[in-house]
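Reviewing the structure listed below.
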Number of protein chains: 2
Amino acid sequence: MEIYLKSVAALNDETRVLLLRFLDHYGETCVCDMQASLDMIQSRLSRHLKILKDAGFLRVERKGTWAYYSIRSPLDRFRNEALQEIRYLDIELPPLKKLSETEGCKI
Amino acid sequence: MEIYLKSVAALNDETRVLLLRFLDHYGETCVCDMQASLDMIQSRLSRHLKILKDAGFLRVERKGTWAYYSIRSPLDRFRNEALQEIRYLDIELPPLKKLSETEGCKI
DNA sequence: TCTAAATATCAACATATCTTGATTTAATTA
DNA sequence: TAATTAAATCAAGATATGTTGATATTTAGA
């Protein structure tokens, strides 16, 4: 029950669906760039990323103070099917702001 | 967004997972037999069946005062994968009590 | 049409989840 | 080690969802 319900619960939120879509589209991104691109409060973003990670959808790699999130690969059948479903949704993605590469984040 | 989020929300509840598992295992069953078999309060059962139906997982057929629910077929890829996932869960199913066929329900 | 049985819906409360701002932790650099 | 930046966690209030008992609806039969 555990894993299944956790992954379904993770999928059951518009913010997290957007995050999955974002990372699926733009690939590995650091938290501060997501924050800038999605105009989302830091604690909120961090919370949802954690939920997605704990549910097996995301992986994190730390590089210094930055944390880079990306979609875990390979995903199992169910999670993959969910991601597929999300690809078909009519969600408008904001442009990616890569602050981290230029002037730094300074949020 | 609508349909996808609705179907995910429907999957995001232990009671509804149990109901899907039950109907997947025993096939078409009337509400009063589910009520007896699962020892579940009527309004609660009715609520969850409605949510599953509205999310595209179940169909209903009325025969007199009885309502027979069953898993809709065919299911789309995502819902089908979810059902598959549910089949692997370690859920103990109660035996099926077919009151409707014998003495009637009289709940 | 009155009654009864099966099911659906409603209202009130309980519980869970999300949002926000504040605080804490971790890593880097002076 | 002190200061700074990025990210994680916490606490409180707001919102959504589930549970229950009561009521309404639907259908069948006397």
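Labels below follow one simple rule: chain letters A, B, ... track the order of the sequence lines, proteins then strands, and each chain is numbered from 1. Hydrogens, waters and symmetry mates are skipped; everything else that's a heavy atom, side chains included, is used.
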Spacing of [X] atom [atom1] relative to [N] atom [atom2], expressed in whole Å:
X	N	atom1	atom2	answer
B:Met40	C:dA6	CE	P	18 Å
A:Glu61	C:dA26	CD	P	19 Å
A:Leu45	D:dA8	CG	P	8 Å
A:Met34	D:dA8	CE	C1'	14 Å
A:Gln35	D:dA7	CD	C1'	9 Å
B:Glu14	C:dA16	CD	C1'	13 Å
B:Trp66	D:dG29	CH2	C1'	12 Å
A:Asp54	C:dT17	CG	P	14 Å

Which residues pass the side-chain hydrogen bond (donor to acceptor under 3.5 Å, both in side chains) test with [X], sequence neighbours left out?
X	result
A:Lys53	none
A:Arg79	A:Asp76
B:Arg77	A:Glu81
A:Glu28	none

Per-nucleotide pairing state of DNA chain C [Watson-Crick or G-U, under 3.5 Å; [ ] pseudoknot-crossing; | other strand]: ||||||||||||||||||||||||||||||
Nearest heavy-atom neighbours spanning A:Leu75 and A:Leu83: CD1-CD2, 3.9 Å
Please list, chain by chain and in numerical order, all residues satisfying side chain to side chain contact (heavy atoms under 4.5 Å, CB included) with B:Ser37, sequence neighbours excluded.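 Residues passing side chain to side chain contact (heavy atoms under 4.5 Å, CB included) with B:Ser37: B:Phe22, B:Leu96, B:Lys97.
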Encode nucleotides 14-27 of chain D as B, S and - characters from 5' to 3', where the letter depends on protein heavy atoms closer than 4.0 Å: B to the base, S only to sugar-phosphate, - to neither. ----BBBBB----B
Do B:Arg16 and B:Glu14 meet the salt-bridge criterion of a basic N to acidic O distance under 4.0 Å?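 Judged by the 4.0 Å cut-off on N to carboxylate O distance, B:Glu14 and B:Arg16 do not form a salt bridge.
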Contacts of B:Phe78 that satisfy ring-ring contact (aromatic ring centres under 6.0 Å, His included) - sequence neighbours left out: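 Here the qualifying residues are A:Phe78, B:Tyr4.
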Which residues pass the ring-ring contact (aromatic ring centres under 6.0 Å, His included) test with A:Tyr68, not counting sequence neighbours?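 For A:Tyr68 there are no ring-ring contact (aromatic ring centres under 6.0 Å, His included) partners, ignoring immediate neighbours.
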For a quick test of reading the model: is some side-chain N or O of B:Tyr69 closer than 4.0 Å to OP1 or OP2 of C:dA8?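 Yes, such a contact exists.
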